[in-house]
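Step one of this worksheet: look at the structure below.
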Number of protein chains: 2
Amino acid sequence: MRTSEKEIVRSLPLFSEMAEDHLDEMLTGSFLQRFPATVVLFSESDHTDFLHVLVDGQVELYASANNREGTMTLIKPVATFVLASALTDSAYQLSARTLESSQILMIPAQNVRTAMSNDQGFAQKAVRELALCYHGVVRAYKNIKLRTAVERLANYIIVQNRRQGETGVIKLPIEKRTLASMLGMTPENLSRAFATLKPYGIRVDGAEICIEKPGDLETLAKPSELIDAH
Amino acid sequence: MRTSEKEIVRSLPLFSEMAEDHLDEMLTGSFLQRFPATVVLFSESDHTDFLHVLVDGQVELYASANNREGTMTLIKPVATFVLASALTDSAYQLSARTLESSQILMIPAQNVRTAMSNDQGFAQKAVRELALCYHGVVRAYKNIKLRTAVERLANYIIVQNRRQGETGVIKLPIEKRTLASMLGMTPENLSRAFATLKPYGIRVDGAEICIEKPGDLETLAKPSELIDAH
DNA sequence: CCACCCAATTGATATATGTCAAGCGTGGAT
DNA sequence: ATCCACGCTTGACATATATCAATTGGGTGG
(Lines give C-alpha, C1' and ligand atoms only; values in the text may rest on other atoms or scores of the structure.)
Protein backbone atom coordinates (compact mmCIF):
# COMPACT_ATOMS: atom_id res chain seq x y z
CA MET A 1 0.00 0.00 0.00
CA ARG A 2 1.73 3.13 -1.19
CA THR A 3 1.13 6.59 0.25
CA SER A 4 -0.70 7.88 -2.82
CA GLU A 5 -3.21 5.06 -2.56
CA LYS A 6 -3.75 5.75 1.08
CA GLU A 7 -4.43 9.38 0.23
CA ILE A 8 -7.06 8.33 -2.30
CA VAL A 9 -8.85 6.31 0.36
CA ARG A 10 -8.52 9.11 2.86
CA SER A 11 -10.10 11.56 0.45
CA LEU A 12 -13.37 9.61 0.44
CA PRO A 13 -15.94 10.86 2.98
CA LEU A 14 -16.44 7.28 4.14
CA PHE A 15 -12.88 7.07 5.45
CA SER A 16 -12.27 10.72 6.30
CA GLU A 17 -12.86 10.33 10.04
CA MET A 18 -11.02 7.06 10.56
CA ALA A 19 -8.09 7.11 12.99
CA GLU A 20 -4.69 6.89 11.29
CA ASP A 21 -3.70 3.56 12.82
CA HIS A 22 -7.08 1.99 12.06
CA LEU A 23 -6.76 3.10 8.46
CA ASP A 24 -3.27 1.60 8.20
CA GLU A 25 -4.52 -1.60 9.75
CA MET A 26 -7.46 -1.80 7.38
CA LEU A 27 -5.27 -1.27 4.35
CA THR A 28 -2.94 -4.10 5.35
CA GLY A 29 -3.43 -6.82 2.80
CA SER A 30 -5.17 -4.46 0.40
CA PHE A 31 -3.90 -4.20 -3.13
CA LEU A 32 -4.38 -1.95 -6.10
CA GLN A 33 -4.98 -3.79 -9.33
CA ARG A 34 -5.53 -2.81 -12.93
CA PHE A 35 -8.10 -4.76 -14.95
CA PRO A 36 -8.68 -4.56 -18.71
CA ALA A 37 -12.12 -3.76 -20.12
CA THR A 38 -14.97 -6.29 -20.04
CA VAL A 39 -13.56 -8.30 -17.14
CA VAL A 40 -15.95 -9.85 -14.64
CA LEU A 41 -14.76 -8.88 -11.15
CA PHE A 42 -17.20 -11.05 -9.23
CA SER A 43 -20.60 -12.71 -9.58
CA GLU A 44 -23.66 -12.07 -7.48
CA SER A 45 -23.66 -15.27 -5.50
CA ASP A 46 -19.95 -15.18 -4.63
CA HIS A 47 -18.99 -14.57 -1.05
CA THR A 48 -17.87 -10.99 -0.45
CA ASP A 49 -14.14 -11.11 0.14
CA PHE A 50 -13.28 -7.51 -0.68
CA LEU A 51 -14.59 -4.01 -0.41
CA HIS A 52 -13.80 -2.41 -3.77
CA VAL A 53 -12.65 1.13 -4.41
CA LEU A 54 -12.78 2.20 -8.03
CA VAL A 55 -9.80 4.50 -8.46
CA ASP A 56 -9.90 4.89 -12.21
CA GLY A 57 -12.02 3.58 -15.09
CA GLN A 58 -15.65 2.52 -14.98
CA VAL A 59 -17.50 -0.46 -13.52
CA GLU A 60 -20.97 -1.83 -14.19
CA LEU A 61 -22.97 -3.59 -11.49
CA TYR A 62 -25.49 -5.93 -13.07
CA ALA A 63 -27.76 -8.81 -12.14
CA SER A 64 -29.16 -11.91 -13.78
CA ALA A 65 -32.35 -13.89 -13.30
CA ASN A 66 -34.72 -15.96 -15.44
CA ASN A 67 -32.31 -15.86 -18.38
CA ARG A 68 -32.34 -12.09 -18.38
CA GLU A 69 -29.64 -9.63 -17.42
CA GLY A 70 -29.78 -5.99 -16.53
CA THR A 71 -27.50 -3.16 -15.47
CA MET A 72 -28.30 -2.04 -11.96
CA THR A 73 -25.89 0.86 -11.61
CA LEU A 74 -22.65 2.30 -12.90
CA ILE A 75 -19.70 3.17 -10.69
CA LYS A 76 -17.50 6.11 -11.49
CA PRO A 77 -14.21 6.99 -9.79
CA VAL A 78 -13.49 7.60 -7.02
CA ALA A 79 -16.10 5.51 -5.20
CA THR A 80 -16.48 2.38 -3.14
CA PHE A 81 -18.86 -0.41 -4.04
CA VAL A 82 -20.38 -3.47 -2.30
CA LEU A 83 -19.99 -1.86 1.14
CA ALA A 84 -23.25 -3.35 2.46
CA SER A 85 -22.23 -6.89 1.47
CA ALA A 86 -18.75 -6.47 2.94
CA LEU A 87 -20.16 -5.27 6.26
CA THR A 88 -22.73 -8.06 6.58
CA ASP A 89 -20.27 -10.76 5.56
CA SER A 90 -22.71 -12.08 2.97
CA ALA A 91 -22.80 -12.69 -0.78
CA TYR A 92 -22.35 -9.90 -3.30
CA GLN A 93 -25.92 -9.15 -4.33
CA LEU A 94 -24.79 -7.98 -7.77
CA SER A 95 -22.22 -8.97 -10.35
CA ALA A 96 -19.56 -6.53 -11.50
CA ARG A 97 -17.56 -6.06 -14.68
CA THR A 98 -15.27 -3.38 -15.99
CA LEU A 99 -16.61 -1.29 -18.87
CA GLU A 100 -13.15 0.05 -19.62
CA SER A 101 -9.64 -0.49 -18.31
CA SER A 102 -9.95 0.17 -14.58
CA GLN A 103 -7.83 0.50 -11.49
CA ILE A 104 -9.38 -0.97 -8.37
CA LEU A 105 -8.24 -1.02 -4.78
CA MET A 106 -9.35 -4.19 -3.05
CA ILE A 107 -9.65 -4.11 0.73
CA PRO A 108 -10.22 -7.41 2.58
CA ALA A 109 -13.82 -7.36 3.84
CA GLN A 110 -12.73 -8.73 7.21
CA ASN A 111 -10.47 -5.71 7.69
CA VAL A 112 -13.40 -3.41 6.97
CA ARG A 113 -15.60 -5.17 9.52
CA THR A 114 -12.84 -4.98 12.11
CA ALA A 115 -12.36 -1.28 11.48
CA MET A 116 -16.11 -0.87 11.77
CA SER A 117 -16.29 -2.27 15.25
CA ASN A 118 -13.13 -0.50 16.45
CA ASP A 119 -13.48 2.92 14.93
CA GLN A 120 -16.31 5.18 16.03
CA GLY A 121 -15.71 7.79 13.33
CA PHE A 122 -15.78 5.18 10.59
CA ALA A 123 -19.01 3.67 11.91
CA GLN A 124 -20.67 7.09 11.82
CA LYS A 125 -19.55 7.65 8.23
CA ALA A 126 -20.62 4.14 7.22
CA VAL A 127 -24.11 4.86 8.52
CA ARG A 128 -24.28 7.95 6.35
CA GLU A 129 -22.86 6.16 3.32
CA LEU A 130 -25.32 3.26 3.62
CA ALA A 131 -28.24 5.63 4.07
CA LEU A 132 -27.25 7.44 0.87
CA CYS A 133 -26.82 4.16 -1.01
CA TYR A 134 -30.22 3.08 0.23
CA HIS A 135 -31.84 6.25 -1.06
CA GLY A 136 -30.05 5.75 -4.35
CA VAL A 137 -31.63 2.36 -4.91
CA VAL A 138 -35.03 3.60 -3.79
CA ARG A 139 -34.74 6.28 -6.46
CA ALA A 140 -33.84 3.71 -9.10
CA TYR A 141 -36.71 1.53 -7.96
CA LYS A 142 -39.20 4.38 -8.19
CA ASN A 143 -37.79 5.35 -11.57
CA ILE A 144 -38.43 1.96 -13.12
CA LYS A 145 -41.72 1.32 -11.34
CA LEU A 146 -43.42 4.64 -12.01
CA ARG A 147 -42.08 5.80 -15.36
CA THR A 148 -42.26 4.53 -18.92
CA ALA A 149 -39.11 3.88 -20.95
CA VAL A 150 -39.42 7.18 -22.81
CA GLU A 151 -39.86 9.11 -19.56
CA ARG A 152 -36.79 7.44 -18.06
CA LEU A 153 -34.74 8.41 -21.09
CA ALA A 154 -36.04 11.99 -21.01
CA ASN A 155 -35.10 12.31 -17.34
CA TYR A 156 -31.71 10.76 -17.97
CA ILE A 157 -31.05 13.42 -20.61
CA ILE A 158 -32.13 16.17 -18.22
CA VAL A 159 -29.83 14.91 -15.47
CA GLN A 160 -26.89 14.55 -17.85
CA ASN A 161 -27.46 18.05 -19.16
CA ARG A 162 -27.35 19.40 -15.61
CA ARG A 163 -24.17 17.45 -14.84
CA GLN A 164 -22.45 18.53 -18.02
CA GLY A 165 -23.03 22.22 -17.41
CA GLU A 166 -26.54 22.91 -18.72
CA THR A 167 -25.23 23.63 -22.20
CA GLY A 168 -28.08 22.03 -24.11
CA VAL A 169 -25.69 19.57 -25.71
CA ILE A 170 -24.61 16.40 -23.95
CA LYS A 171 -22.23 13.62 -24.78
CA LEU A 172 -23.33 10.15 -23.70
CA PRO A 173 -20.65 8.86 -21.32
CA ILE A 174 -21.49 5.21 -22.08
CA GLU A 175 -22.40 3.03 -25.03
CA LYS A 176 -26.05 3.13 -26.00
CA ARG A 177 -26.57 -0.55 -25.31
CA THR A 178 -25.31 -0.02 -21.75
CA LEU A 179 -27.57 2.99 -21.40
CA ALA A 180 -30.48 0.89 -22.66
CA SER A 181 -29.81 -1.80 -20.09
CA MET A 182 -29.48 0.74 -17.30
CA LEU A 183 -32.77 2.34 -18.30
CA GLY A 184 -34.39 -1.09 -18.38
CA MET A 185 -35.00 -1.54 -22.09
CA THR A 186 -33.51 -3.14 -25.18
CA PRO A 187 -31.13 -1.27 -27.50
CA GLU A 188 -33.79 -1.36 -30.22
CA ASN A 189 -36.29 0.25 -27.91
CA LEU A 190 -33.77 2.93 -26.92
CA SER A 191 -33.37 3.91 -30.57
CA ARG A 192 -37.13 4.21 -30.84
CA ALA A 193 -37.33 6.15 -27.60
CA PHE A 194 -34.90 8.70 -29.03
CA ALA A 195 -37.09 8.89 -32.13
CA THR A 196 -40.14 9.47 -29.88
CA LEU A 197 -38.34 12.40 -28.28
CA LYS A 198 -37.66 14.07 -31.64
CA PRO A 199 -40.88 16.15 -31.50
CA TYR A 200 -39.72 17.30 -28.07
CA GLY A 201 -36.58 18.80 -29.51
CA ILE A 202 -34.09 15.97 -29.11
CA ARG A 203 -31.52 15.55 -31.90
CA VAL A 204 -29.19 12.58 -31.85
CA ASP A 205 -25.86 12.42 -33.63
CA GLY A 206 -23.89 9.42 -32.46
CA ALA A 207 -23.07 9.96 -28.79
CA GLU A 208 -24.00 13.62 -28.97
CA ILE A 209 -27.50 14.65 -27.93
CA CYS A 210 -28.85 18.11 -28.58
CA ILE A 211 -31.71 19.52 -26.49
CA GLU A 212 -33.54 22.11 -28.58
CA LYS A 213 -36.69 22.55 -26.49
CA PRO A 214 -35.80 22.11 -22.80
CA GLY A 215 -39.29 23.20 -21.74
CA ASP A 216 -41.08 20.61 -23.85
CA LEU A 217 -38.70 17.89 -22.66
CA GLU A 218 -39.37 18.73 -19.01
CA THR A 219 -43.11 18.72 -19.58
CA LEU A 220 -42.84 15.17 -20.83
CA ALA A 221 -40.27 13.99 -18.31
CA LYS A 222 -41.76 15.55 -15.18
CA PRO A 223 -38.43 15.41 -13.36
CA SER A 224 -38.61 14.85 -9.63
CA GLU A 225 -36.19 15.87 -6.93
CA LEU A 226 -37.09 12.59 -5.22
CA ILE A 227 -36.18 10.31 -8.11
CA ASP A 228 -33.49 11.97 -10.16
CA ALA A 229 -30.00 12.31 -8.76
CA HIS A 230 -28.65 15.77 -8.15
CA MET B 1 -43.39 6.59 27.37
CA ARG B 2 -44.57 3.61 29.39
CA THR B 3 -42.38 0.67 30.32
CA SER B 4 -44.15 -1.74 27.97
CA GLU B 5 -43.41 0.53 25.02
CA LYS B 6 -39.80 0.79 26.00
CA GLU B 7 -39.62 -2.99 26.09
CA ILE B 8 -41.02 -3.18 22.56
CA VAL B 9 -38.28 -0.87 21.33
CA ARG B 10 -35.65 -2.75 23.26
CA SER B 11 -36.73 -6.04 21.68
CA LEU B 12 -35.76 -4.79 18.21
CA PRO B 13 -32.22 -5.74 17.14
CA LEU B 14 -31.62 -2.13 16.11
CA PHE B 15 -31.93 -0.93 19.71
CA SER B 16 -30.76 -4.03 21.56
CA GLU B 17 -27.24 -2.74 22.24
CA MET B 18 -28.13 0.82 23.16
CA ALA B 19 -27.13 1.98 26.64
CA GLU B 20 -30.06 2.36 29.02
CA ASP B 21 -29.71 6.10 29.54
CA HIS B 22 -29.29 6.74 25.81
CA LEU B 23 -32.44 4.76 25.17
CA ASP B 24 -34.38 6.74 27.78
CA GLU B 25 -33.07 9.95 26.33
CA MET B 26 -34.03 8.97 22.79
CA LEU B 27 -37.54 8.03 23.84
CA THR B 28 -38.09 11.40 25.50
CA GLY B 29 -40.70 13.19 23.43
CA SER B 30 -41.67 9.97 21.68
CA PHE B 31 -45.32 8.99 21.65
CA LEU B 32 -47.36 5.96 20.82
CA GLN B 33 -50.34 6.70 18.65
CA ARG B 34 -53.17 4.70 17.14
CA PHE B 35 -54.31 5.50 13.61
CA PRO B 36 -57.40 4.18 11.84
CA ALA B 37 -57.12 2.41 8.48
CA THR B 38 -56.34 4.32 5.27
CA VAL B 39 -54.69 7.26 7.00
CA VAL B 40 -51.75 8.97 5.31
CA LEU B 41 -48.94 9.22 7.86
CA PHE B 42 -46.62 11.35 5.75
CA SER B 43 -45.86 12.20 2.13
CA GLU B 44 -42.63 11.62 0.29
CA SER B 45 -41.44 15.20 0.11
CA ASP B 46 -42.16 16.01 3.78
CA HIS B 47 -39.21 16.59 6.05
CA THR B 48 -38.48 13.57 8.24
CA ASP B 49 -39.49 14.55 11.76
CA PHE B 50 -39.92 11.07 13.22
CA LEU B 51 -38.50 7.61 13.10
CA HIS B 52 -41.54 5.32 13.07
CA VAL B 53 -41.93 2.00 14.84
CA LEU B 54 -44.92 -0.02 13.74
CA VAL B 55 -46.09 -1.77 16.90
CA ASP B 56 -49.35 -3.18 15.59
CA GLY B 57 -51.31 -3.14 12.35
CA GLN B 58 -49.94 -2.75 8.83
CA VAL B 59 -48.42 0.13 6.88
CA GLU B 60 -47.87 0.61 3.17
CA LEU B 61 -44.96 2.65 1.83
CA TYR B 62 -45.77 3.96 -1.62
CA ALA B 63 -44.54 6.52 -4.12
CA SER B 64 -46.01 8.74 -6.79
CA ALA B 65 -44.64 10.18 -10.01
CA ASN B 66 -45.97 11.14 -13.44
CA ASN B 67 -49.56 10.66 -12.29
CA ARG B 68 -48.85 7.09 -11.30
CA GLU B 69 -48.65 5.53 -7.87
CA GLY B 70 -47.13 2.29 -6.69
CA THR B 71 -46.61 0.32 -3.51
CA MET B 72 -42.92 0.10 -2.69
CA THR B 73 -43.08 -2.12 0.38
CA LEU B 74 -45.28 -3.25 3.23
CA ILE B 75 -44.33 -2.92 6.88
CA LYS B 76 -45.41 -5.53 9.39
CA PRO B 77 -45.06 -5.27 13.16
CA VAL B 78 -42.74 -4.97 14.95
CA ALA B 79 -40.45 -2.97 12.68
CA THR B 80 -39.01 0.49 12.20
CA PHE B 81 -39.35 2.44 8.98
CA VAL B 82 -37.74 5.53 7.40
CA LEU B 83 -34.53 5.01 9.39
CA ALA B 84 -32.31 6.19 6.53
CA SER B 85 -34.26 9.44 6.12
CA ALA B 86 -34.27 10.07 9.86
CA LEU B 87 -30.50 9.61 10.08
CA THR B 88 -29.67 11.86 7.13
CA ASP B 89 -32.09 14.59 8.24
CA SER B 90 -33.65 14.66 4.79
CA ALA B 91 -37.09 14.19 3.24
CA TYR B 92 -39.02 10.94 3.55
CA GLN B 93 -38.36 9.31 0.18
CA LEU B 94 -41.68 7.48 0.31
CA SER B 95 -45.22 8.17 1.44
CA ALA B 96 -46.90 6.03 4.08
CA ARG B 97 -50.46 5.09 4.88
CA THR B 98 -52.08 2.62 7.21
CA LEU B 99 -53.73 -0.38 5.58
CA GLU B 100 -55.55 -1.24 8.78
CA SER B 101 -55.91 0.27 12.23
CA SER B 102 -52.31 0.61 13.45
CA GLN B 103 -50.34 1.53 16.51
CA ILE B 104 -47.19 3.49 15.81
CA LEU B 105 -44.44 4.75 18.08
CA MET B 106 -43.03 8.00 16.81
CA ILE B 107 -39.51 8.92 17.90
CA PRO B 108 -38.21 12.43 17.12
CA ALA B 109 -35.62 12.08 14.36
CA GLN B 110 -33.29 14.50 16.12
CA ASN B 111 -33.23 12.18 19.14
CA VAL B 112 -32.26 9.28 16.90
CA ARG B 113 -29.42 11.24 15.35
CA THR B 114 -28.19 12.27 18.78
CA ALA B 115 -28.27 8.70 19.99
CA MET B 116 -26.42 7.69 16.84
CA SER B 117 -23.47 9.96 17.53
CA ASN B 118 -23.36 9.19 21.25
CA ASP B 119 -23.96 5.47 21.36
CA GLN B 120 -21.42 3.13 19.83
CA GLY B 121 -23.60 0.02 20.12
CA PHE B 122 -26.50 1.72 18.41
CA ALA B 123 -24.28 2.93 15.55
CA GLN B 124 -23.08 -0.63 14.97
CA LYS B 125 -26.63 -1.93 14.87
CA ALA B 126 -27.75 0.89 12.60
CA VAL B 127 -25.03 -0.07 10.13
CA ARG B 128 -26.35 -3.59 10.07
CA GLU B 129 -29.98 -2.49 9.78
CA LEU B 130 -29.22 -0.12 6.91
CA ALA B 131 -27.20 -2.76 5.09
CA LEU B 132 -30.15 -5.17 5.35
CA CYS B 133 -32.61 -2.51 4.18
CA TYR B 134 -30.31 -1.76 1.27
CA HIS B 135 -30.23 -5.40 0.24
CA GLY B 136 -34.00 -5.51 0.56
CA VAL B 137 -34.47 -2.72 -1.99
CA VAL B 138 -31.86 -4.23 -4.30
CA ARG B 139 -33.90 -7.43 -4.26
CA ALA B 140 -37.09 -5.56 -5.07
CA TYR B 141 -35.30 -3.71 -7.83
CA LYS B 142 -33.97 -6.93 -9.37
CA ASN B 143 -37.41 -8.50 -9.04
CA ILE B 144 -39.14 -5.83 -11.08
CA LYS B 145 -36.31 -5.34 -13.56
CA LEU B 146 -35.64 -8.97 -14.42
CA ARG B 147 -38.97 -10.74 -14.08
CA THR B 148 -42.30 -10.54 -15.83
CA ALA B 149 -45.50 -9.89 -13.92
CA VAL B 150 -46.46 -13.59 -13.95
CA GLU B 151 -43.03 -14.59 -12.67
CA ARG B 152 -43.23 -12.06 -9.86
CA LEU B 153 -46.60 -13.44 -8.83
CA ALA B 154 -45.35 -17.03 -8.98
CA ASN B 155 -42.40 -16.17 -6.77
CA TYR B 156 -44.63 -14.28 -4.37
CA ILE B 157 -46.78 -17.38 -3.98
CA ILE B 158 -43.71 -19.53 -3.36
CA VAL B 159 -42.40 -17.18 -0.67
CA GLN B 160 -45.78 -16.96 1.03
CA ASN B 161 -46.10 -20.73 1.00
CA ARG B 162 -42.72 -21.01 2.72
CA ARG B 163 -43.68 -18.39 5.30
CA GLN B 164 -47.04 -19.97 6.01
CA GLY B 165 -45.60 -23.39 6.72
CA GLU B 166 -45.19 -25.02 3.29
CA THR B 167 -48.75 -26.42 3.44
CA GLY B 168 -49.55 -25.94 -0.23
CA VAL B 169 -52.40 -23.64 0.68
CA ILE B 170 -51.85 -19.98 1.40
CA LYS B 171 -54.06 -17.13 2.49
CA LEU B 172 -53.28 -13.75 0.97
CA PRO B 173 -52.46 -11.40 3.85
CA ILE B 174 -53.47 -8.31 1.84
CA GLU B 175 -56.14 -7.22 -0.60
CA LYS B 176 -55.51 -8.24 -4.18
CA ARG B 177 -55.35 -4.65 -5.41
CA THR B 178 -52.57 -3.95 -2.89
CA LEU B 179 -50.78 -7.11 -3.97
CA ALA B 180 -51.12 -6.01 -7.59
CA SER B 181 -49.59 -2.63 -6.81
CA MET B 182 -46.76 -4.21 -4.84
CA LEU B 183 -46.01 -6.58 -7.71
CA GLY B 184 -46.07 -3.65 -10.11
CA MET B 185 -49.21 -4.37 -12.08
CA THR B 186 -52.88 -3.43 -12.30
CA PRO B 187 -55.59 -5.40 -10.46
CA GLU B 188 -56.93 -6.55 -13.83
CA ASN B 189 -53.56 -7.87 -14.82
CA LEU B 190 -53.21 -9.66 -11.49
CA SER B 191 -56.46 -11.53 -12.17
CA ARG B 192 -55.11 -12.58 -15.53
CA ALA B 193 -51.76 -13.54 -14.03
CA PHE B 194 -53.59 -15.92 -11.67
CA ALA B 195 -55.42 -17.34 -14.69
CA THR B 196 -52.09 -17.80 -16.47
CA LEU B 197 -50.84 -19.82 -13.49
CA LYS B 198 -53.82 -22.20 -13.64
CA PRO B 199 -52.00 -24.71 -15.89
CA TYR B 200 -49.18 -24.64 -13.32
CA GLY B 201 -51.51 -25.90 -10.60
CA ILE B 202 -52.66 -22.66 -9.02
CA ARG B 203 -56.28 -22.58 -7.81
CA VAL B 204 -57.74 -19.33 -6.51
CA ASP B 205 -60.72 -19.07 -4.19
CA GLY B 206 -61.01 -15.56 -2.85
CA ALA B 207 -57.98 -14.91 -0.68
CA GLU B 208 -57.09 -18.60 -0.59
CA ILE B 209 -54.54 -19.92 -3.05
CA CYS B 210 -53.95 -23.61 -3.56
CA ILE B 211 -50.66 -24.88 -5.01
CA GLU B 212 -51.31 -28.22 -6.67
CA LYS B 213 -48.07 -28.62 -8.64
CA PRO B 214 -45.22 -27.04 -6.65
CA GLY B 215 -42.65 -28.39 -9.11
CA ASP B 216 -44.28 -26.85 -12.16
CA LEU B 217 -44.67 -23.55 -10.36
CA GLU B 218 -40.98 -23.45 -9.44
CA THR B 219 -39.97 -24.26 -13.00
CA LEU B 220 -41.85 -21.21 -14.15
CA ALA B 221 -40.86 -18.95 -11.27
CA LYS B 222 -37.15 -19.83 -11.09
CA PRO B 223 -36.92 -18.61 -7.49
CA SER B 224 -33.60 -17.10 -6.50
CA GLU B 225 -31.99 -16.87 -3.10
CA LEU B 226 -30.68 -13.48 -4.18
CA ILE B 227 -34.04 -11.95 -5.02
CA ASP B 228 -36.69 -13.60 -2.88
CA ALA B 229 -36.80 -12.91 0.82
CA HIS B 230 -36.19 -15.79 3.17
C1' DC C 1 -6.93 2.30 -48.33
C1' DC C 2 -9.67 -1.49 -47.75
C1' DA C 3 -12.05 -4.99 -45.28
C1' DC C 4 -14.08 -6.48 -41.40
C1' DC C 5 -16.45 -6.16 -37.06
C1' DC C 6 -19.83 -4.72 -34.25
C1' DA C 7 -22.85 -1.23 -32.39
C1' DA C 8 -26.76 1.13 -33.91
C1' DT C 9 -30.79 1.59 -36.54
C1' DT C 10 -35.07 0.27 -38.91
C1' DG C 11 -38.97 -2.63 -40.18
C1' DA C 12 -42.15 -6.32 -39.26
C1' DT C 13 -44.21 -8.82 -35.91
C1' DA C 14 -45.16 -10.92 -31.29
C1' DT C 15 -45.89 -10.55 -26.50
C1' DA C 16 -46.78 -8.07 -22.23
C1' DT C 17 -49.24 -4.88 -19.87
C1' DG C 18 -52.58 -1.08 -19.32
C1' DT C 19 -57.16 1.07 -20.04
C1' DC C 20 -61.99 1.26 -20.36
C1' DA C 21 -66.35 -0.71 -19.71
C1' DA C 22 -69.47 -3.99 -18.05
C1' DG C 23 -70.92 -7.54 -15.00
C1' DC C 24 -70.38 -10.53 -10.83
C1' DG C 25 -70.32 -11.59 -5.99
C1' DT C 26 -69.80 -10.98 -1.19
C1' DG C 27 -70.10 -8.63 3.06
C1' DG C 28 -71.87 -4.87 5.68
C1' DA C 29 -75.45 -1.46 6.73
C1' DT C 30 -80.15 -0.31 7.08
C1' DA D 1 -83.89 -10.03 4.62
C1' DT D 2 -82.70 -6.66 1.17
C1' DC D 3 -79.90 -3.39 -0.90
C1' DC D 4 -75.82 -1.19 -1.78
C1' DA D 5 -70.90 -0.47 -2.07
C1' DC D 6 -66.90 -2.03 -3.51
C1' DG D 7 -63.42 -5.24 -4.75
C1' DC D 8 -62.84 -8.50 -8.12
C1' DT D 9 -63.27 -10.53 -12.63
C1' DT D 10 -63.87 -10.70 -17.62
C1' DG D 11 -63.92 -8.99 -22.33
C1' DA D 12 -62.49 -5.85 -25.92
C1' DC D 13 -59.18 -2.94 -27.18
C1' DA D 14 -54.99 0.23 -26.94
C1' DT D 15 -50.35 0.98 -25.85
C1' DA D 16 -45.70 -0.34 -24.46
C1' DT D 17 -42.04 -3.16 -25.03
C1' DA D 18 -39.53 -7.24 -26.80
C1' DT D 19 -38.01 -10.19 -30.50
C1' DC D 20 -36.27 -11.42 -34.93
C1' DA D 21 -34.26 -10.14 -39.14
C1' DA D 22 -32.00 -7.17 -42.23
C1' DT D 23 -29.31 -3.17 -43.11
C1' DT D 24 -26.46 0.77 -42.15
C1' DG D 25 -22.36 3.01 -40.81
C1' DG D 26 -18.36 4.26 -38.13
C1' DG D 27 -13.99 2.74 -36.23
C1' DT D 28 -9.97 -0.23 -36.25
C1' DG D 29 -6.51 -3.38 -37.74
C1' DG D 30 -4.22 -5.29 -41.49
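Excluded from the calculations below are hydrogen atoms, water molecules and symmetry mates; all remaining heavy atoms, backbone and side chain alike, are included. The chains referred to below are lettered A, B, ... by the order of the sequence lines, with proteins before strands, and numbering in each begins at 1. Quantities reported herein were computed from a predicted structural model and do not represent experimental measurements.
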Nucleotide dA16(C), atom P - distance to CG of L153(B) in whole Å: 14 Å
Spacing between L197(A) atom CG and dA16(D) atom P, to the nearest angstrom: 13 Å
No-hydrogen, no-angle side-chain donor-acceptor test under 3.5 Å, R34(B) and S102(B): no
Sugar-phosphate, base or nothing in reach of T148(B), heavy atoms under 4.0 Å: sugar-phosphate
OP1 or OP2 of dA18(D) under 4.0 Å from side-chain N/O of T186(A): yes
Sole candidate of R162(B), R147(B), K222(B), R163(B) that passes salt bridge (Lys or Arg N to Asp or Glu O under 4.0 Å) when paired with D228(B): R147(B)
Short side-chain donor-acceptor distance under 3.5 Å, S85(B) and H135(A): yes
Atom-to-atom span, NZ of K198(B) to P of dT9(D) - whole angstrom: 12 Å
Protein-nucleotide distance (M185(B), atom CE; dT17(D), atom C1'), rounded to Å: 17 Å
Position toward the 5' end of DNA chain D (nearest nucleotide), E175(B) or G184(A): E175(B)
Protein-nucleotide distance (I209(B), atom CD1; dC8(D), atom P), rounded to Å: 11 Å
Base of dC20(D) paired with side chain of E188(A) (donor-acceptor, under 3.5 Å): yes
Atom pair distance, as rounded to whole Å: CG in L190(B) and C1' in dA16(C): 15 Å
Between P of dA16(C) and CG of N66(A), the distance in whole Å: 13 Å
Validation row: L105(B), I8(B) side chains within 4.5 angstrom (heavy atoms): no
Between dC5(C) (C1') and R177(A) (CZ): distance, integer Å: 12 Å
Given dA18(D), dT17(C), dA8(C), the nucleotide with the shortest approach to the side chain of K176(A): dA8(C)
Side-chain donor-acceptor pair present, T88(A), R128(B), cut-off under 3.5 Å: no
Earlier contact from the 5' end, DNA chain D, for I174(B) and R192(B): I174(B)
